[in-house]
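Values reported hereafter were calculated over all heavy atoms of this structure, with side chains retained and with hydrogens, waters and symmetry mates removed. Proteins come first, then strands; the chains are lettered A, B, ... in the order of their sequence lines, and each starts at number 1.
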2 protein chains.
Amino acid sequence: MRLTTKGRYAVTAMLDLALQEGKRPVTLQDIAVNQEISLSYLEQLFAKLRKAGLVRGTRGPGGGYRLAKKMDSISIAEVISAVDEKADMTRCGGNSDCLDGEKCLTHELWMELSEKIFEFLNAITLGELVRRPEVIAVAERQEAVREGLRTGRLKTVVVEADAVIGTLK
Amino acid sequence: MRLTTKGRYAVTAMLDLALQEGKRPVTLQDIAVNQEISLSYLEQLFAKLRKAGLVRGTRGPGGGYRLAKKMDSISIAEVISAVDEKADMTRCGGNSDCLDGEKCLTHELWMELSEKIFEFLNAITLGELVRRPEVIAVAERQEAVREGLRTGRLKTVVVEADAVIGTLK
DNA sequence: TGAAAACCAAGTAAAATACTCAGGAATGAT
DNA sequence: ATCATTCCTGAGTATTTTACTTGGTTTTCA
């Protein structure tokens with residue numbers, strides 16, 4: 001179980017989806033603006049999430065992404081595994097032949113730690129996160145912005161922000 | 001607390017030192033051969049370990065490295081922190097202003113996990129590892145090889161291995 | 001028909017990792 | 001004294017991963 005910003009991006013995006021569950025599908029454009037992740041990068045991440053059976057996309061206007069399973073049965077570990085192709089790790093990648101066909105000195109230690117991390121992340125679901133007070137608080141702030149966008153009050157700001165992002169990235 | 005092969009190299013090398021504690025100082029050349037890590041890379045890692053006050057080097061023939069503290073008071077977390085310059089992590093690197101000066105959705109989750117990993121690794125010392133049966137087993141095998149080297153029985157093999165490593169790396 | 005969205009493939013810039021190379025400086029053994 | 005051994009230092013490099021860009025194609029609603 002590796003821990004990178006890539007996995008974090010995926011979890012954040014999935015959480016965004018979970019928070020909007022029940023409403024219309026969420027577009028990647030929407031997530032890109034909200035979580036400040038590049039749209040094309042999100043597309044790549046979602047290709048993997050889709051292949052892992054975690055999300056379903058619908059095309060065309062009004063389309064977007066939805067969770068493919070109940071949010072209470074999607075663990076954080078699942079999400080991270082979906083996007084983190086289990087890079088070789090060079091040594092101790094899971095096989096016990098890390099050093100000349102034998103276990104290296106610290107083999108058991110890393111396996112133990114990896115197991116602990118997995119257990120921790122596997123015990124937490126998107127559903128649980130959605131119910132956490134601090135997540136709700138952040139989500140409400142973001143929802144206010146989103147609402148502003150939809151009613152057109154902040155349209156100008158967004159177009160400008162979009163232009164800026166376009167020039168920056 | 002990041003987890004990379006770099007940190008693993010460092011822990012493995014430190015464990016090697018701990019296993020030889022009480023005998024003559026261990027040379028990096030020795031570790032390089034035993035753990036199959038490049039000598040120059042080891043030198044860089046040990047520069048950091050030294051700056052962190054974890055090892056002491058003595059120069060000249062018969063020199064090498066020794067632990068600078070009791071092995072029971074050196075935690076794995078300490079070793080990893082010493083070599084892993086806390087790369088920015090781009091988001092959620094520890095500061096709570098990961099997204100426009102505000103916490104991002106999953107901020108607390110990552111902080112919580114990071115804390116858990118640290119606790120786990122901080123609770124394990126080199127001393128404990130040295131006493132683990134599986135470590136002792138691997139160490140004994142490696143010690144046999146080392147012994148062979150010193151008595152000269154395997155000298156040729158080593159010189160050859162060295163030459164091969166030299167051409168490969 | 002056309003815009004909005006997912007989908008797809010290839011390429012790229014920046015950063016981190018894992019080294020190499022080329023020395024210099026201290027120290028023990030001869 | 002000199003030499004081999006060892007630590008120590010700094011600069012450079014190859015590879016990999018991350019994060020992103022570009023430029024499309026396809027589906028679907030209106």
Side-chain angles (χ1 to χ4, degrees), chain A residues 2-10 12-13 17 24-33 35-51 55-66 68 80 83-91 93 150 162 165-169, chain B residues 2-10 12-13 17 24-33 35-51 54-66 68 80 83-91 93 162 165-169:
Chain A
R2 273 161 72 250
L3 298 170
T4 96
T5 51
K6 199 173 185 173
R8 288 220 272 262
Y9 279 147
T12 305
L17 245 62
R24 348 180 302 160
V26 185
T27 70
L28 293 188
Q29 176 64 33
D30 199 12
I31 298 175
V33 171
Q35 313 302 340
E36 296 182 8
I37 310 173
S38 104
L39 177 60
S40 324
Y41 194 40
L42 272 177
E43 282 177 341
Q44 285 172 39
L45 296 181
F46 271 76
K48 291 181 180 179
L49 293 171
R50 194 165 44 82
K51 275 169 199 152
V55 298
R56 251 176 322 185
T58 51
R59 304 200 204 187
Y65 281 96
R66 258 191 255 262
I80 293 180
V83 297
D84 255 21
E85 56 267 24
K86 49 166 178 284
D88 40 349
M89 284 273 200
T90 320
R91 301 224 226 235
R150 267 197 297 279
D162 235 19
I165 289 168
T167 56
L168 285 177
K169 303 185 176 171
Chain B
R2 272 163 69 251
L3 298 169
T4 97
T5 51
K6 199 173 186 174
R8 287 219 271 262
Y9 280 145
T12 305
L17 245 63
R24 353 179 295 163
V26 186
T27 69
L28 292 187
Q29 176 65 32
D30 199 13
I31 298 175
V33 171
Q35 312 303 339
E36 297 182 6
I37 310 174
S38 107
L39 177 60
S40 324
Y41 194 39
L42 272 176
E43 282 175 341
Q44 285 172 39
L45 295 181
F46 271 75
K48 291 182 180 179
L49 293 171
R50 193 166 45 81
K51 276 169 199 152
L54 295 175
V55 298
R56 251 175 322 186
T58 52
R59 303 198 205 188
Y65 280 97
R66 258 192 254 264
I80 293 181
V83 297
D84 255 22
E85 56 266 25
K86 50 166 178 286
D88 40 347
M89 284 274 202
T90 320
R91 303 226 224 232
D162 236 18
I165 289 169
T167 55
L168 286 177
K169 303 182 176 173

Asks: Calculate the interatomic distance between Q29(A) atom CD and dC7(C) atom P; express it in whole Å.
Replies: 16 Å
Asks: Could you please name the option among dC29(D), dC7(C), dC20(D) that lies closest to any side-chain atom of P61(A)?
Replies: dC29(D)
Asks: Exactly one of V55(B), L54(B), V83(B) should register a side-chain contact (heavy atoms from CB on, under 4.5 Å) with F46(B). Which one does?
Replies: V55(B)
Asks: Starting at atom CG of L39(A), determine the distance to atom C1' of dA4(C), rounded to an integer number of angstrom.
Replies: 12 Å
Asks: Can you identify which nucleotide, out of dT9(D), dT18(D), dC7(C), has its nearest atom closest to the R50(B) side chain?
Replies: dT9(D)
Asks: Rounded to whole Å, how long is the line connecting atom CZ of R24(B) with atom C1' of dA29(C)?
Replies: 13 Å
Asks: If you pin G62(A) and R59(A) to their nearest nucleotides in DNA chain D, which one's is more 5'?
Replies: R59(A)
Asks: Output the single nucleotide from dT27(C), dC19(C), dA6(C) whose closest atom is nearest the side chain of Y9(B).
Replies: dC19(C)
Asks: Nearest whole angstrom, please: distance from the P of dA6(C) to the NZ of K51(A).
Replies: 16 Å
Asks: Check the distance between dA15(C)'s P and D84(B)'s CG and give it to me in whole angstrom.
Replies: 18 Å
Asks: Less than 4.5 Å apart, any side-chain heavy atom of L49(A) and any of Y65(A)?
Replies: no
Asks: Could you state the atom-to-atom distance from CD of Q35(B) to P of dC19(C) in whole Å?
Replies: 14 Å
Asks: Could you give the distance from NZ (K6(B)) to CD1 (I80(B)), rounded to the nearest 0.5 Å?
Replies: 12.5 Å
Asks: State whether the distance check finds a donor on one side and an acceptor on the other, under 3.5 Å, for side chain E43(B) versus base dC7(D).
Replies: no
Asks: Rounding to an integer number of Å, can you tell me how far K48(B) NZ sits from dC19(C) C1'?
Replies: 13 Å
Asks: Quick one: which of dT27(C), dT22(D), dT17(C) gets closest to the side chain of S40(A)?
Replies: dT22(D)
Asks: Whole angstrom is fine here: how far is it from NZ in K6(B) over to P in dT16(D)?
Replies: 18 Å
Asks: Need one value for Y65(B): base, sugar-phosphate or nothing, where a base atom within 4.0 Å counts as base even if backbone is also close, heavy atoms only.
Replies: sugar-phosphate
Asks: By the 4.0 Å heavy-atom rule, please label L28(B) as base, sugar-phosphate, or nothing.
Replies: sugar-phosphate
Asks: With no angle test and no hydrogens, is the base of dC20(D) tied to the side chain of Q44(A) by a donor-acceptor pair under 3.5 Å?
Replies: yes
Asks: Is the phosphate of dA6(C), meaning OP1 or OP2, less than 4.0 Å from a side-chain N or O of T58(A)?
Replies: no
Asks: So which atom in P25(B) and which in R66(B) form the shortest heavy-atom distance, rounded to 0.1 Å?
Replies: CD-NH2, 3.3 Å
Asks: Looking at I31(B) and A13(B), what are the two nearest heavy atoms and their distance?
Replies: CG2-CB, 4.0 Å
